[in-house]
Amino acid sequence: MAKLRQPLSNPDTSPRSLKSKDWDNMSRWSEYLHGESSPATSGSWKHAGSELNPSSGNLQKGLQMEWVVQLSKVAEGLMTKMYRLNHILDKPDLPSNSYSDSFWQAGVFPNFPKICIFVSKKFPEHPNKLQLDRVDKFSLDAMHENAEGYLQNLEPWVMLLVDLMAFREQALRLILDLSSTVITLLPHQNSLILHAFMDLFCSFVRVNLFSDKIPRKMMIQVYTVLHAMSRGGRDCDFYHRLVQFVDSYNPPVKGLQEDLNFVSPRIGEVLEAVGPTIFLSTDTKKLRNEGFLSPFHPRYPDILTNSAHPLRAQDLANVTSYREWVLIGYLVCPDELLRVTSIDIAMVVLKENLILTLFRDEYVSVHEEYQLYVLPRVLESKKMAKSGRAKQKEADLEYNVAKQVEKMISEVHEQALLSCDAIHHERRILLKQEIGRMVLFFSDQPSLLAPNIQMVFSTLALAQCEIIWYFRHVGVSSSKSKPARVIPIDIDAADPTIGFLLDGIDKLCCLVRKYIAGQIVLCNDNKRLRLVIFIILCWKDSVFTWYPGMVALDLDNTLRGLFQQVVHCLETIPKSQGENISAVICDLSDLRRYWLSILMIVTSSRSAINIRHLEKATVSTGKEGLLSEGNAAYIWSRCVDELESQLSKHGSLMKLYFYHHHLTTVFRNTMFGPEGRPQHCCAWLGVASSFPDCASTIVPEELSKIGRDAILYVESLIESIMGGLEGLINILDSEGGFGALEMQAMKVSNLSMKSPKGLSGLSLPGYESYPKNNSSVKMLEAAMQRLTNLCSVLNDMEPICVLNHVFVLREYMRDCILGNFRRRLLTVLKTDNGLQRPSVVESLIRRHISIIHLAEQHISMDLTEGLREVLLMEAFTGLVSNLHNFEKPAGMQTGSAVEFICHWYMENIVKDSSGAGIVFMPMRNCFTSSQPVGGYFAESFTDLMLRDHMAALLNCIDTALRSNHDHLEVIAGSINTGDRIEREASLKQILDMETLVGFCIQVGQAIAFHQILVEAAKVVLEEKAPLLVSLMHGVAKQLPDEIPEKDEVKILRRVATSMGVVSDHDMEWVHLIMLEANAAADNSWSLLPYLCASFMISNIWNSTTFNVSTGGFNNNVNCLARCINAVIAASEFVRLERGEYQRQSTSNGHANEVLEPEILSRATVEANAKSAMQLYTKCSAVILLDSWSDSTRSNIVPKLIFMDQLCELSPYLPRSTLEMHIPYAILRSIYRQHYGNSSSMAIEILAPSPRQSPAVSLAHSSPAIRHHRGDSTPQSSTFDSSYFSSHQQEEYDVDVKAKAGDKQHRGMRSSGPLDYGSGRKVKFVEGSTSGGQGPSPLPRFAVSRSGPLLNK
């Protein structure tokens, strides 16, 4: 709740102790006037009152205008408090006595609804007579217990009622005094005092109408109950006066009609006097044709300065106040409607208004108020006139007028519902046109702005009125009293004229500030100010020289002294000398102060010399009267040193804060509509700068709330503007925008390349310019025009300042364009099925960049640099210096584009390779897909994600080695001892075999894919940077082989690996990843060959078949060979390095050691890798042959081919290694069967040989190794050594030269069947069936002497 006062800290100010002796003292309003930034008018009236000489009696003769202005300010403070209370109580519906939960939880009233509502309904009965214990005994007891606390919460608001009561008495007394004292209140004679008087009058009416929206009855009754509880049954001092005050203003309109009855005739005179100006403001045709709002006469363009209607144009600046005077005046003074001319005035104003604004966004339905409170008075007058018609002719006239008024009030509501929006829409169109012409004219002829400044003010005031009227009526519904129905007012939320008016007001105010306010302090040769003060300069000698009649007047000393002071002030104004005017700041406040002092005397009927005497003495000369010229000089002088206050009065739109939600909606509906203009966004945003001016010092927290809402409003509009900017860019970047032009150009290019005759079926250039085909071109042109205009406007826009927040639209625009480019980049990479083609991506990005370059021409900032930053950030996130280092910084993340591409690769190539049918084709050294997946590889972006994925897979292998350490040791021992049973048992206990095999296949796929990327990069570098490739070739050959390697050597070797200039890519790449991942850190990695050998019993072989067309397997098992070769070799490298590091660290400080350490090199690594790979081959062959049986017969073929491809692939395995364990004759037969019958992808070759009996085939289908066990365990073998001696039927011999040339032949092909050229010579003994045809050679497997059946 607002901190209103501290009533309890000072008992003299509480409502129960306030004495009537302080009632009439103006000091009681210090709270409402303290800290007030008094406007210039208020200050002028205040100082003017101080100029009167009390000793001469002029203080009593003059008007108390200072009190008038101060009470108007008090009224604003009172309404601010009531507005705050109304919102705290959640705007209760008092007529229906319905209150929300927020009302009771606000802390103003005790949360006892039954008692509070009951005493409110019984008002004005005293609460002591209501027997509240019967209503709610429990709530009454609870109120009694905490009566003092409830009293303190309610007391500040009861104090508000006391202030309202005091304000009513003082304002009424002052209004009565002015009404009976002021000689004339006509606008052309006494406009200054008239406006002050009518402002107080209207403020008095608004305060009392607004008071009906707060629960006054409940406040008085509940406060009385609480006061009696805490003070022993005594009533507060002002209880009865408050009850009388509230009861007399229930409803407020009736009380106002009774209180203001004595000033009704004066109000009627005023309203009749302003009628012509109101009629003129509603006649849009006359305003346009007669040029009231134009700097040049429409019918005489040569007359640039429109001097035909200076006073009328000045009156138009006050027409908004005049309309409010009419609505309020006839409401509280209904008898004045019976004037003949009043009917038309009231009907014009009522027809175009539906509500009467009380304060801020609070209003009442003006037509309902007229029908409820004015119409009965008119009917009563009609009845009285009817009864006296036979006696008096005046009664007959009064009857006819009353009848017309009755008809007007009854019908005008319906007319207003139908026509008010159309009337104001037509007026907005007129103002849009006139302001547009005015801005162009004064921009071209700024020297004519000064003499037409009053016309500019009138235009600003009319535009301000129309904009505020529009937003006040958005969402308003009117209920007609008789049918009790609610009719919504149809206000077009997409009306583009609002944007034009806002922009026009903003531009006019900028012109005025630029060419008038700034001229005062410019150099001497500036002559634009001259015409502004020309009238004032000419008026200097008018007092006694131009008006000889002034000499005949008997002016007293005070009045004569004031006139002399006015003349002195005019003498101090610099005169124009030739074409120059003095460049000094003219302070004309003293001139206005003395003139107001004169007015306060001469307009009072108590003064000996009054306004009528002055008019008679001055008008007879044929010139304007002294008072008229003085008032004109007063008004013109304010354009010199109070220009900002004038602009704030006529052009400020701070009241739109209370409708800022509607403001945002209309902006979004109109800004980018068909008639929207990008340049209007400046005005829409600039409105927010004035929002904090709505805050009142009486409620301190208002400033923070309004400031916060203003900031949110600006941010919301900026979001909409940037959304529109993105929309314009995306429209041009769409397939219907520049994309359509590109497609047209592409068709022309394609057809012209194929055949010149093909152009006959295609539209020639210029076809789109035909009227029936140019809609798309017009759309493009409009979008381009709006884009360039919007960019230019945002670039030139001044910063928007709201309190301590500054919004620079250029920065928002830059972030918007670059952010949209980033989102577009991520969008074009994707298709429905995967990645977009690189050529399409390049084309789309280039098209988008060209649009940005188009906008960049209108922006004073470098967007190209921003585009580069976006591209770099999407490819890499971090410091640019990190790109030169191969060590990955902690917490470094990749860009979104790279992340998306790599994730797509992980999802489609690595993780889901089996499901998607993606396999590696060794023959072509690439990946292929057996079914369409859509999408393409992103070679240049996947290295980092590949390395991360590889590190994760290697971590899985490390976990498997640790978890199966014991079983692998048993398998290793069984290989050496030949214990088959123990080996098979340990193999079955290895955990997650299938998962691990799948991971290892992914490792192989990643290795193969990375090699493809490296080879592609090498091709590009050899073409684009051959010297760099040559340099790296030379560097790679000269790198030292010592182990451990230095960091510099590691960096160079990593670069060489990424460029494809090293011999063994697989081992080098995996070695670098293992170093980064800290893999192979313990002794469990020495068992890696045994773990890989255990893969021979995996279930993956059940679905594995060899594909002749690809040279690989259907499920990428061939990638497992690459994984085994690279990981085993790299692990040996890492183990040696770590061992050497450990040895060096332990030998530090022991200089007495005699033994020389062994020097390690890459040759040592290669030797260890060969040993480990030979061990793996041996173990795999043993497990492979041991696992062969009738049920696993079909698995032998892929396993044998796999082992052969591994030996072919690995640089650490000579072909003789596999020959030691598996006869090549078997492999030749397998390959001949596959390639001889390539139509079938897989051939079953394990049928028993016809040269054997079925019994022999069954008996010897599972070859076994004879185990040498120390115990007496029987050997489960189906054959013995005698079988071999009796069935030796063939000899197998391999030429030594073929073995020597094995590596050369292996290098000549990547994979596939063995080479059967002259390099390998094979001899067969008689009876051999190893040719291309004949029975299956598998039965000879059992009798081969080179097979692994006997352990030696």
Side-chain angles (χ1 to χ4, degrees), residues 499 502-511 513-514 517-518 644 647 651-654 656-657 660 663-664 667-668 670-672 676-695 703-704 706-730 785-824 849 851-870 873:
L502 287 173
D503 183 61
I505 290 177
D506 182 64
K507 289 181 178 179
L508 275 181
C509 291
C510 290
L511 286 173
R513 292 187 180 98
K514 180 178 180 181
E644 282 300 326
L647 288 177
S652 175
L653 296 170
M654 64 180 183
L656 291 182
Y657 160 73
H660 64 273
L663 209 66
T664 305
F667 170 81
R668 291 175 178 170
T670 59
M671 180 61 191
F672 296 99
R677 297 294 185 272
Q679 57 268 27
H680 294 172
C681 62
C682 303
W684 287 94
L685 289 168
V687 170
S689 300
S690 62
F691 284 174
D693 297 339
C694 296
L703 181 60
S704 60
I706 293 176
R708 185 170 57 252
D709 292 341
I711 292 170
L712 293 177
Y713 164 81
V714 174
E715 291 176 347
S716 175
L717 258 63
I718 290 177
E719 181 182 356
S720 300
I721 293 171
M722 297 308 149
L725 177 62
E726 290 184 9
L728 292 174
I729 295 176
N730 295 336
Q785 186 68 26
R786 287 203 175 190
L787 175 63
T788 54
N789 287 346
L790 182 59
C791 291
S792 178
V793 168
L794 296 179
N795 181 71
D796 299 336
M797 186 185 299
E798 294 293 329
I800 305 298
C801 300
V802 181
L803 294 181
N804 57 344
H805 287 69
V806 180
F807 299 90
V808 182
L809 271 297
R810 294 173 66 252
E811 299 300 326
Y812 282 94
M813 177 173 58
R814 181 181 186 276
D815 294 343
C816 169
I817 293 175
L818 297 182
N820 187 53
F821 173 71
R822 178 181 177 274
R823 289 187 291 272
R824 181 61 175 165
I849 291 177
I851 297 172
I852 295 178
H853 286 165
L854 174 66
E856 189 179 18
Q857 299 175 7
H858 304 270
I859 303 173
S860 57
M861 61 176 63
D862 187 6
L863 293 180
T864 304
E865 185 67 24
L867 297 179
R868 293 172 182 169
E869 292 177 2
V870 171
M873 291 294 290

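Scored by the salt bridge (Lys or Arg N to Asp or Glu O under 4.0 Å) test, Arg708 finds no partners at all (sequence neighbours excluded). Shown here are the side chain to side chain contact (heavy atoms under 4.5 Å, CB included) partners of Asp796, two or more places apart in sequence or in another chain: Ser792. With sequence neighbours excluded, the residues that form a salt bridge (Lys or Arg N to Asp or Glu O under 4.0 Å) with Arg823 are Glu726. In terms of the side-chain hydrogen bond (donor to acceptor under 3.5 Å, both in side chains) criterion, residue partners of Tyr657 (sequence neighbours excluded) are, by chain and number, Lys705, Asp709. The side-chain hydrogen bond (donor to acceptor under 3.5 Å, both in side chains) test applied to Ser716 returns Arg668, not counting sequence neighbours. Scanning for salt bridge (Lys or Arg N to Asp or Glu O under 4.0 Å) contacts around Arg822 gives Glu874, with sequence neighbours left out. Not counting sequence neighbours, the partners of Arg824 by the salt bridge (Lys or Arg N to Asp or Glu O under 4.0 Å) test are Asp733. Taking the side-chain hydrogen bond (donor to acceptor under 3.5 Å, both in side chains) definition, one finds that Asn789 meets it with Gln785, sequence neighbours left out.
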- request: For side-chain contact (heavy atoms from CB on, under 4.5 Å), just list the numbers for Met813 and Leu809, CA-CA rounded to whole Å, side-chain angles, deciding distance to a tenth of an Å, and then say yes or no.
  value: CA-CA 6 Å; Met813 177 173 58; Leu809 271 297; over 6 Å; no
- prompt: Yes or no on side-chain contact (heavy atoms from CB on, under 4.5 Å) for Glu856 and Ile849, after CA distance, side-chain angles and deciding distance?
  reply: CA-CA 10 Å; Glu856 189 179 18; Ile849 291 177; over 6 Å; no
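Contact between Val808 and Pro799 at its shortest, heavy atoms only, is CG2-CB, 4.3 Å. Smallest separation of non-hydrogen atoms from Val806 and Cys801: CG2-SG, 4.1 Å. In this structure, Leu653 and Val687 approach most closely via the heavy-atom pair O-CG1, 3.9 Å. When all heavy atoms are compared, the tightest approach of Gly707 to Leu803 is CA-CD1, 3.4 Å. Scanning both residues, Leu787 and Ile851, for their nearest heavy atoms gives CD2-CG2, 4.0 Å.
With contacts defined as side-chain heavy-atom distances shorter than 4.5 Å, the pair Leu790/Cys681 qualifies. Residues Leu725 and Cys791 have side chains in contact (heavy-atom distance under 4.5 Å, counting atoms from C-beta outward). In this structure, Leu703 and Pro692 have side chains that are in contact, with non-hydrogen atoms separated by less than 4.5 Å. Between Ile859 and Ile817, some side-chain heavy-atom pair lies under the 4.5 Å cut-off. The shortest distance between side-chain heavy atoms of Asn795 and His858 does not fall below 4.5 Å. Val793 has its side chain within reach of Cys682: a pair of non-hydrogen atoms, C-beta onward, lies under 4.5 Å apart. A heavy-atom distance below 4.5 Å is not found between the side chains of Leu502 and His680. Annotation: side chain of Ile721 is not in contact with side chain of Cys816 (no heavy-atom distance under 4.5 Å).
Between the CG atom of Leu712 and the CG atom of Leu717 there is a distance of 12.0 Å, given to the nearest 0.5 Å. To the nearest 0.5 Å, the span separating CD on Glu644 from CZ on Arg513 amounts to 4.5 Å. The CG atom of Asn820 sits 4.5 Å away from the CG atom of Asn730 when rounded to the nearest 0.5 Å. The CD1 atom of Ile706 lies 10.0 Å from the CE atom of Met654; values are rounded to the nearest 0.5 Å. In this structure, the separation between OG on Ser689 and CD on Glu798 is 11.0 Å, given to the nearest 0.5 Å. Taking CG of Leu656 as the reference point, atom CH2 of Trp684 lies at 8.5 Å (rounded to 0.5 Å).
The list of salt bridge (charged side-chain N to carboxylate O under 4.0 Å, His left out) pairs with a residue in residues 858-868, not counting sequence neighbours, reads Glu865-Arg868. Listed by first then second residue, pairs satisfying ring-ring contact (aromatic ring centres under 6.0 Å, His included) with a partner in residues 793-822 read Phe821-His848, not counting sequence neighbours.
Taking the six-membered ring for Trp and thresholds of 30 and 60 degrees, His660 and Tyr713 have ring planes more than 60 degrees apart, a perpendicular arrangement.
More than 12 heavy-atom neighbours from other residues, nucleotides or ligands sit within 6.0 angstrom of CD on Glu869.
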